[in-house]
Amino acid sequence: MTNKKRIIISSALIVLLFGGLWVMELTMNTASMLFVVLKKGAIYALLVAAINLLQGFTGLFSLGEAGFMLLGAYTFAIFTIPVEMRENIYQYYDGGLVQFTIPVWAALILGGLVAAFFAFLIGFVVLKLKSDYLAIATLGFAEILRAIFQWDKLGVITNGSNILRSFPGFSSVLFPFGVVGLCLAAMMLLINSSYGRAYKAMRDDEIAAEAMGINLFKTKLQAFVISSFFAGIGGGLLAMYQLTVKASTFTAALSDELLLIAVIGGIGSITGSVLASFLYIAANEWWLRFLDQETFIGAFKIPLLRSGFRKVVFSVIIMLIVLFYRRGLMGTREFSITGIYEKITAFIKKKKAAKGGAGK
Amino acid sequence: MNEFLLMGMAEISGGGFFQAIAGFFQTNLPYILAGISVGGQYALIAIGYTMVYGILRLVNFAHGDVFMTAGLICFYISTVSPLIISLPLTVLFTVALGFTIEKVAYKPLRNAPRTSAMISALGMSYLIQNLALYITGGLSKQYPQIPFISNSVTIWGATTKMVTVVTPILVILLVVALVTLIKYTKIGMAMRSVADDFETSRLMGIKIDNVISMTFIIGTFLASIGSMLYFTNYTAIVPSSGAMPGLKAFVAAVFGGIGSIPGAVIGAFLIGICENIIKGLGWTTFSDAFTFALLIIVLIFMPSGLFGEKKTDKV
Amino acid sequence: MSEVILRLDNLTMQFGGVTAVDSLSMELNEGEIVALIGPNGAGKTTAFNCITGVYTPTNGAIYLEGRKIIANHPKRRGIKTFGGSNKKFEKDVIIRTPDKITKLGIARTFQNIRLFKDETVFDNVLVAKHMRSRQNVLTAMLRLNFKEEARMRKETKELLEMQDLYRYKDEIAGSLPYGLQRRLEIARALATGPKVLLLDEPAAGMNPNETLELSEFIRDIKEHYGLSVLLIEHHMDFVNQIADRIYVLDFGKLIAEGTPDEISNNPAVIEAYLGVDEDA
């Protein structure tokens with residue numbers, strides 16, 4: 001397939017996707033479960049892809065994602081809460097220090113930049129550590145960040161351990177899809193560039209990569225900063241979706257969960273991460289909800305079904321994937337139009353050949 | 001007697017420095033005592049981490065959750081039987097759990113990349129917490145009162161539970177027993193050799209699987225003892241109860257030098273005490289953060305910890 | 001004689017109490033092929049690792065084209081094991097990471113082939129072009145670097161064609177036969193644009209026929225790219241075929257140097273190898 005053809009088909013698909021979403025939003029009940037899944041799924045897709053960029057493409061084991069999400073979410077909230085609401089929200093801190101707002105898009109990007117900046121500082125300290133130590137150190141930093149954001153001395157900015165709210169959210173599903181789509185596209189372009197190749201080389205064999213002139217520390221730092229930038233933007237989006245932000249919710253368990261979703265999708269596949277995120281959210285919020293409800297068929301109560309069972313089923317599925325299907329849904333493959341096009345053409349050819357054979 | 005002692009100290013030193021220390025000691029005594037107690041409990045968890053890491057190079061994230069489960073097991077058993085039966089049964093079931101986790105979640109991944117085993121550990125931790133959430137229905141459970149160690153006692157004017165006194169003594173006894181086991185028994189020798197060189201030990205005919213199982217059995221045994229002491233102090237058990245003590249115990253193991261049992265114990269006591277003094281100073285928000293800050297400092301400036309061995313990579 | 005391109009000056013590498021390389025001084029002239037031989041554990045690979053920045057030497061200096069690129073002297077506890085400090089290098093400590101050394105123009109291969117096993121042959125070589133490319137993350141992400149990318153791909157293609165590897169370009173590197181993997185590793189090293197090529201046991205595991213092919217191959221690339229080659233090898237046949245000069249190491253110490261003829265008649269060398277009877 002030629003380059004031109006590929007671009008045309010991809011753009012057509014993107015237009016189709018957004019057009020379809022737009023029509024769906026016009027015609028369907030936007031409060032339905034489907035839209036919840038679409039919105040939250042898109043945000044998770046970005047977060048999981050960001051973690052996969054590290055874990056899957058550079059081999060850096062980070063458990064600090066929640067910390068960078070926190071930075072993104074707080075930055076977004078702090079700079080977008082309407083000035084007239086601040087008195088009310090920062091009631092213990094005299095209305096807070098920040099007394100202006102910036103546009104939503106700027107706040108999202110700023111959230112990403114703040115996360116990236118902290119990633120730079122943290123990365124400088126921890127990226128010399130090896131795999132499991134790196135994981136535990138990044139986790140530690142995320143916990144430290146969480147403590148700092150709950151510190152009442154910084155309450156004029158962070159509102160201490162109280163929630164932040166009343167900042168703008170989004171109503172249309174097109175917004176998160178647009179932002180996440182842009183970010184994912186940027187990530188894919190990065191991975192398929194010369195830098196992406198350097199990342200993969202480093203993941204496969206650090207010593208050989210170094211002998212090829214790749215500076216391990218610089219390259220790791222770069223990947224860490226970029227991944228955190230996207231995690232920051234994802235955190236901002238998550239804030240917009242939830243409409244409230246509270247530091248105590250950005251726990252290590254959240255990072256673990258995101259990493260496990262990345263495992264389901266396949267460590268080393270961005271499209272796998274996207275797919276797994278939507279599946280996870282759909283199952284978690286919608287399809288598997290019934291597992292949490294006590295259900296009767298006539299007088300017979302179906303055993304096991306009650307609150308919390310859904311999560312158990314989930315954990316078991318995750319363990320099964322980890323143990324028996326380590327590649328996840330996609331392995332390291334990417335879902336691509338070219339690939340599908342080739343598969344289809346190959347299939348048609350085969351059919352034709354079979355027909356031809358039968359004809360003779 | 002306490003005051004007499006302090007005054008004596010001040011007199012001997014004759015300076016303000018010791019007086020200041022003595023004053024600090026006295027005002028913070030309840031926190032120091034709490035620190036020693038919780039430190040000992042971390043130590044019992046930390047040994048499990050350090051031994052598993054020493055042998056498998058795996059951060060067993062599920063260890064803290066096994067510790068929490070021990071608490072839950074004890075709660076459920078004690079509703080139907082007296083403590084004299086339920087305590088030994090708790091130990092038994094917890095050890096069985098630790099043993100099973102190794103066989104199910106880690107053994108199949110022995111030849112897989114290290115990250116896979118670590119992800120499996122994370123998954124296992126997630127599974128245990130969710131199971132606990134399901135079984136408890138999300139309600140916190142009240143740990144049964146164990147007589148004697150729940151009794152109040154007054155030390156140097158500070159009132160505390162008997163467990164504060166019992167913990168350090170018990171920890172020292174258990175550690176001495178463990179070190180003896182590792183030094184003088186056949187399985188102990190096998191453990192040391194596996195920790196030293198996994199592949200060679202395998203080639204020398206050491207039954208790796210037995211050694212690893214034994215490591216998990218010892219680790220979970222100590223964690224179950226730790227849970228009895230810990231939950232006597234902090235009686236409410238929720239599914240995430242094990243996560244923080246687990247992480248702190250791991251930090252203690254790193255601090256002491258991973259693979260070193262005395263290191264882990266000393267690290268745990270230090271962390272327990274520091275954390276409680278920080279609470280005493282009114283910095284409760286940062287008591288957890290402190291542990292992690294310590295971890296990061298240790299990892300960067302002395303990655304082999306207090307008593308660990310240095311290792312160089314081979315090209 | 002032509003100019004010295006790589007020079008080791010009193011290079012010493014100690015691990016704790018073990019001296020793996022002991023005051024090694026040697027020279028590699030421009031356009032020369034020099035072999036470093038010695039029994040197992042003689043410190044040959046350690047010397048390579050010092051030159052390429054994997055290890056920081058305990059003492060000594062390394063010069064590339066007359067410029068000091070690595071230098072160190074024993075400090076603190078090291079002074080005791082080394083047996084005294086070293087005034088000569090005390091002033092200048094120069095430590096470089098392997099990637100900086102590669103950038104200066106020293107490329108290497110590894111004893112136990114270290115290819116990027118899951119990537120294609122083409123990508124294995126292409127990644128080595130990354131170092132000298134002119135781009136940054138943003139231009140790469142926005143594909144503003146397309147000219148640079150095209151250049152890198154073109155050069156990679158030329159290099160692979162030259163090595164007769166182009167027909168395998170889409171194969172996964174780890175699936176290639178052993179001999180080709182060795183060749184690919186050399187091609188990958190060449191892609192970094194080196195002046196000096198270090199080969200760590202390039203003929204290991206090869207039969208006499210393949211060894212012969214390899215020595216021709218090394219001579220070819222040396223001529224074509226204007227390289228100087230330093231190699232570690234056990235196969236004495238191979239070394240005698242290819243090397244202009246030979247250095248012999250034993251227990252970290254240099255015990256002999258000279259042309260292949262001189263070396264094969266050197267009593268010290270014979271003694272070092274006695275009973276070890278390598279393929280010779």
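In what follows, every heavy atom counts, from backbone to side chain, and hydrogens, waters and symmetry copies are set aside. Numbers restart at 1 for each chain; the letters A, B, ... are given by sequence-line order, proteins then strands.
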Colleague: Of the listed residues (A:Asp152, A:Ile318, A:Leu260), which shares the most heavy-atom pairs with chain B below a 4.5 Å separation?
Modeller: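 Sorted descending by pairs with chain B, the first entry is A:Leu260.
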Colleague: Where does B:Ala112 contact chain A at under 4.5 Å (heavy atoms): side chain, backbone, both or neither?
Modeller: both
Colleague: Would you give the length of the straight line joining atom CZ of B:Phe290 to atom CD of A:Glu143, rounded to the nearest 0.5 angstrom?
Modeller: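 If I round to the nearest 0.5 Å, the distance is 15.0 Å.
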Colleague: What parts of residues 59-70 of chain B touch chain A if we use heavy atoms and a cut-off under 4.5 Å?
Modeller: B:Val59, B:Phe61
Colleague: Below 4.5 Å, heavy-atom pairs only: which of A:Lys128, A:Arg326, A:Gln150 has the largest tally toward chain B?
Modeller: A:Arg326
Colleague: Need one label for A:Phe324: side chain, backbone, both or neither, based on atoms under 4.5 Å from any heavy atom in chain B.
Modeller: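 Neither part.
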Colleague: Is there a side chain to side chain contact (heavy atoms under 4.5 Å, CB included) between A:Leu134 and B:Leu299? Walk through the geometry before answering.
Modeller: CA-CA 9 Å; A:Leu134 175 68; B:Leu299 283 179; over 6 Å; no
Colleague: Nearest 0.5 Å, please: how far is NZ in B:Lys107 from CG in A:Leu323?
Modeller: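 The distance works out to 13.0 Å.
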Colleague: Counting only heavy atoms not in A:Trp286 (residues, nucleotides, ligands), do more than 12 fall under 6.0 Å from its CH2?
Modeller: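 Check passes, neighbour count above 12.
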Colleague: Is there a side chain to side chain contact (heavy atoms under 4.5 Å, CB included) between B:Ile258 and A:Tyr133 once you walk through the steps?
Modeller: CA-CA 11 Å; B:Ile258 207 102; A:Tyr133 280 168; 3.4 Å; yes
Colleague: What part of B:Tyr53 lies closer than 4.5 angstrom to a heavy atom of chain A: side chain, backbone, both or neither?
Modeller: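 Looking at B:Tyr53, just its side chain touches chain A.
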Colleague: Considering only heavy atoms, give the residues of residues 126-135 of chain B separated from chain A by less than 4.5 Å, sorted numerically, with 'none' for an empty result.
Modeller: B:Tyr126, B:Leu127, B:Asn130, B:Leu131, B:Tyr134, B:Ile135
Colleague: For B:Leu109, which atoms come within 4.5 Å of any heavy atom of chain A: side chain, backbone, both, or neither?
Modeller: side chain
Colleague: Mind checking the CD1-CE spacing from A:Ile136 to B:Met118? Nearest 0.5 Å is all I need.
Modeller: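 Here the interatomic distance stands at 6.5 Å.
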Colleague: Find the distance between OG1 (B:Thr285) and CZ (A:Phe149) and round it off to the nearest 0.5 Å.
Modeller: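 Rounded to the nearest 0.5 Å, the OG1-CZ separation comes out at 14.0 Å.
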Colleague: Can you say whether A:Arg310 sits under 4.5 Å from chain B via the side chain, the backbone, both, or neither, judging by heavy atoms?
Modeller: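 Looking at A:Arg310, nothing touches chain B.
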Colleague: For chain B, which of A:Ile148, A:Ile267, A:Leu259 has the most heavy-atom pairs under 4.5 Å?
Modeller: A:Ile148
Colleague: At under 4.5 Å between heavy atoms, what parts of residues 48-66 of chain A are in contact with chain B? List them by residue number.
Modeller: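 Residues of residues 48-66 of chain A touching chain B at under 4.5 Å: A:Gln55, A:Phe61, A:Leu63.
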Colleague: Going by the rule side chain to side chain donor-acceptor pair (under 3.5 Å), which residues pair with A:Asp204 if we only count those two or more places apart in sequence or in a different chain?
Modeller: none
Colleague: Is chain B contacted by the side chain of A:Val316, its backbone, both, or neither, given a heavy-atom distance below 4.5 Å?
Modeller: both
Colleague: Determine the minimum heavy-atom distance between A:Gly140 and B:Phe292, stating which atoms define it.
Modeller: CA-CD2, 3.4 Å
Colleague: Could you measure the distance from the CZ atom of B:Arg114 to the NZ atom of A:Lys130? Nearest 0.5 Å is fine.
Modeller: 10.0 Å
Colleague: So what's closer than 4.5 Å to chain A heavy atoms on B:Val104: side chain, backbone, both or neither?
Modeller: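 Interface part for B:Val104: both.
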Colleague: Taking it one step at a time, do A:Leu139 and B:Leu247 satisfy side chain to side chain contact (heavy atoms under 4.5 Å, CB included)?
Modeller: CA-CA 10 Å; A:Leu139 185 154; B:Leu247 279 173; 3.7 Å; yes
Colleague: Can you say whether B:Ile296 sits under 4.5 Å from chain A via the side chain, the backbone, both, or neither, judging by heavy atoms?
Modeller: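 Looking at B:Ile296, just its side chain touches chain A.
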